Student: 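Structure incoming, see below.
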Amino acid sequence: MRLELEAVTVRRAVFAAATGIADGQLSVAREELRSIIAADSRLAAVEIEIANPGEDCRIVDVFDVFEPRAKAGGGTDFPGVLGPIERAGNGRTTVARGAAVVVLNPLDDRFKMTIDMTGPGAGISPYGHTANVCILSQPAAGVAQPAYYRALKEAGLKASVYLGEAAWRAGGGSLETFDLNLAPHSPRVLTDGALPRVAYIYMIASQQKPTEADEPVLYGQNVRHLLPTVLHPNEVLDGAVVAPYWNFGAETYAIQNHPLILELYRRHGRDLTFAGAVATVAADTEVERRRSAMMAANLAREALGADAVVLTKYGGGIPESALMYTYDACEALGMKGALIVWAHGGDGRVESTLTFMSPRADAVVSCGIADDTIDLPPIARVIGSPTMGTALMEGRLAGFSTAGPLPLRYVAIGGVGNQIGGGRRSSQEF
Amino acid sequence: MESMRVVHYLNQFFGGIGGEDAAGAEPQIKPGAVGPGRQLQARLGERFEIVATAICGDNAFADDPAGIAERLIALIAPYRPQLVIAGPSFNAGRYGQGCGQLCAVVQEKLEIPALTGMYEENPAVEQFRDRVLIARTAGTARHMGEALYSIAALAARLARGETIVQPAEAGCFARGLKRTVFRDDDAAKRAVDMLMRKIAGQPFVSEISVPKFDRVTPARMAASLANATVALVTDGGLVAKGNPERMPTGYTDRMTAISVTGRRQFATDDVEVHHFGYNTQFVSDDANRLVPLDVMRDLEREGVIGKLSETVYSTAGAGMSLANARKVGREIGQRLLQDGAQAAILTST
């Protein structure tokens, strides 16, 4: 499978008469984009705003973030969600690199992210460095939460394609090629010599809060009872996987730029052979977790021929037992494993770092203490609600002015809580 | 250069007051170095001066740790120390507890550094390592020389204004805590690097260590099941309707008691569920599937069990620290004994 990403650079975004990209400037025809999004009858009061890096601006209520991308030269964008089912990960996709679509959710919900465009919050979030095109809306009368969330997801994907098409029209971007043949009978695989074959076991969702019936995660499916399945890494990079409604900082943007997949690609043929990916979910029952662990390990070993695996998780709690079962199953089949997890702060002690840990888990990378806080300073302009909601995991901040100082948990800052390899934030035992 | 003023703390034995017979000795202070303090002074060198030695009996300290520490502080403060060194106490439990307590209070009240030394099996290590710098020593005072050498080396680092960022790398016990840091590479690169080293059999350091797991041997049931009083316990967050005790949905340090007297099964009006860690919908629909009151009443009627204990104990196990889990577990165990239960069924989520 061969994917070409043509990346056209964007440094800032402005409103203009026509949408296009020139000299690093993304021009957005506000009314045209607004009318494309507002055409969805589930959405009311649609507004478009722009926030650029360095601006004294904060975006709250963040539901998901997308990188503008389009398969304008042929192929289906986000198959199974926007378009018909088609294999993702092949052909050419054009990217407005440096831009992002940020979709806001005005409803009171437990998980909503904050993005600062300046100050310490901007320093640690990937979206503090992107030119952000924000979509605000309200649910239309009579539209229930699940239908509204589905509409928000589609709105983000549509805006992503709309701006991605501008990148395609601009052209002249730099080309990144992702060419990997997973078929075990291929001559490449048979002759790739002594390099260890490393597979990636990718937990794409958790069912501790069950996904909605029409919540699109994998090719539009809600992965409610997903059995482990082999994915080509290109499928992940090219729109087969969309972030669940609760994404814990692993937004769709992060999946499109999956840090661990990109790292394994960088090292492919140098010190390892990238053997492919297995998608799993953290199930909400014990028997499903055991079944998933066994099958994922078996696919990595027998279908992908892996000597070693990297495993990542999604969210906290139940995913920790799902992850550790899978790790143990891999090691039992003779594959070496390394894990990426976040640390729970708890009472600050080492022993309260994870809710579940295999005594054999000896190679664990920490992507930071999820509930540690960072003080965000007051800010001039807020895109989104004027006050923090009550349902947030950050319940202690209910009623706080969103323009004021906010002592936010790291995990509540867009892009910071992701456990798929992005970011230098970590925890250290002492 | 002016030397750094040090107050040294010793127990009655090392302080030269007496053995076990003098363990009740009251807090006192002597100018200059005493006993092993003279050897410590030699190790510390001329950049330090032991200006006084505080002494207290081990039993006196153990009987009233907070009160004695306060009295010792009152004796120590007039000497205007810049550093307090306690012990070393090796494997002596009560002495270790006194050293740990004094160091903790010195840091808090006098706002100066303090340090001590202990053997790894001294129970005071677990008690104080999170807040006191404790040098690793051997198990007995036969190794006093080596222990004082380590302590003097640490004192020299503290005197330079250095903060011991990684105690374990400085010959001390790790504090057992964690903090946010930013590393040079992103998590993806670190994970693949670690994996490549693991594959190659090269050394690597995990960023999260495996905790020590307790192994609990299940108790043997005293009575036969047909004569036993059986209790129900859950960590699934079941609470009485309206959550009158305001049990948090996670990170909790307590449990709640739910009376089931006169109840054949849980009805939706009786109870609700507060737990952020799992899909609680099935419990909201039917709480008997979290705590099987209905089935246990059947077994009680059929004579399979002697009797169902009339109080259900519940907590929310989400994100609970091990320390809190141990505390809540002990409380529930005590209550079960008071209730006369001989067996308990624990349902988890």
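Note on naming: letters A, B, ... go to the chains in the order of the sequence lines (proteins, then strands), and numbering restarts at 1 for each one. Model, not experiment: these values are computed from the prediction.
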Student: Once you round to the nearest 0.5 Å, how far does CG of A/Leu311 lie from CG of B/Leu195?
Tutor: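 So the CG of A/Leu311 and the CG of B/Leu195 are separated by 9.5 Å.
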
Student: Can you list the residues of residues 119-137 of chain B that sit under 4.5 Å from chain A, counting heavy atoms only?
Tutor: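 If one takes a 4.5 Å heavy-atom cut-off, the residues of residues 119-137 of chain B near chain A are B/Asp130.
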
Student: How long is the straight-line distance from CD of B/Gln166 back to CZ of A/Phe430, given to the nearest 0.5 Å?
Tutor: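 Here the rounded value is 8.0 Å.
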
Student: Backbone N or O of A/Asp362 within a donor-acceptor pair of the B/Lys198 side chain at under 3.5 Å?
Tutor: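 No; judged by distance alone, with no hydrogens or angles, the pair does not exist.
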
Student: Which distance, rounded to the nearest 0.5 Å, do you find between the CD of A/Glu263 and the NZ of B/Lys189?
Tutor: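 If we round to the nearest 0.5 Å, A/Glu263:CD and B/Lys189:NZ are 6.5 Å apart.
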
Student: Given heavy-atom pairs under 4.5 angstrom as the criterion, report whether the side chain, backbone, both or neither of B/Phe173 touches chain A.
Tutor: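 Neither part.
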
Student: Just to be sure I understand the criterion: a residue of residues 245-256 of chain B counts if one of its heavy atoms is under 4.5 Å from a heavy atom of chain A. Which ones qualify?
Tutor: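 Only B/Tyr251 of residues 245-256 of chain B have a heavy atom under 4.5 Å from chain A.
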
Student: Answer with side chain, backbone, both or neither: which region of A/Ser358 has an atom nearer than 4.5 Å to a non-hydrogen atom of chain B?
Tutor: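 The backbone, not the side chain.
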
Student: So which part of A/Val309 gets closer than 4.5 Å to some heavy atom of chain B, the side chain, the backbone, both or neither?
Tutor: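 The answer is the backbone of A/Val309.
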
Student: Looking only at the side chains, is there a donor atom on one of B/Ser209 and A/Glu429 sitting less than 3.5 Å from an acceptor on the other?
Tutor: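 Side-chain D/A pair, B/Ser209 to A/Glu429: present.
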
Student: How many angstroms lie between atom SG of A/Cys367 and atom CD1 of B/Ile208, to the nearest 0.5 angstrom?
Tutor: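 So the gap between those two atoms works out to 8.0 Å.
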
Student: Under a 4.5 Å cut-off applied to non-hydrogen side-chain atoms, are B/Glu207 and A/Thr353 in contact?
Tutor: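 The answer is no; the side chains never approach within 4.5 Å.
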
Student: Could you tell me the separation between the CD atom of A/Gln208 and the CZ atom of B/Phe276, rounded to the nearest 0.5 Å?
Tutor: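 One finds 9.5 Å between CD of A/Gln208 and CZ of B/Phe276.
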
Student: In Å and rounded to the nearest 0.5 Å, what is the OG1 to CG distance from B/Thr180 to A/Asp372?
Tutor: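 It is 3.5 Å, given to the nearest 0.5 Å.
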
Student: Tell me if a side-chain donor or acceptor on B/Arg179 pairs with a main-chain N or O of A/Gly348 at a distance below 3.5 Å.
Tutor: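 Not at all, since once roles are kept as given, no pair shorter than 3.5 Å links the two residues.
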
Student: Can any side-chain N or O of A/Glu351 pair as donor or acceptor with the backbone N or O of B/Pro211 at less than 3.5 Å?
Tutor: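 No, the answer is negative, given that no donor and acceptor are paired below the 3.5 Å cut-off.
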
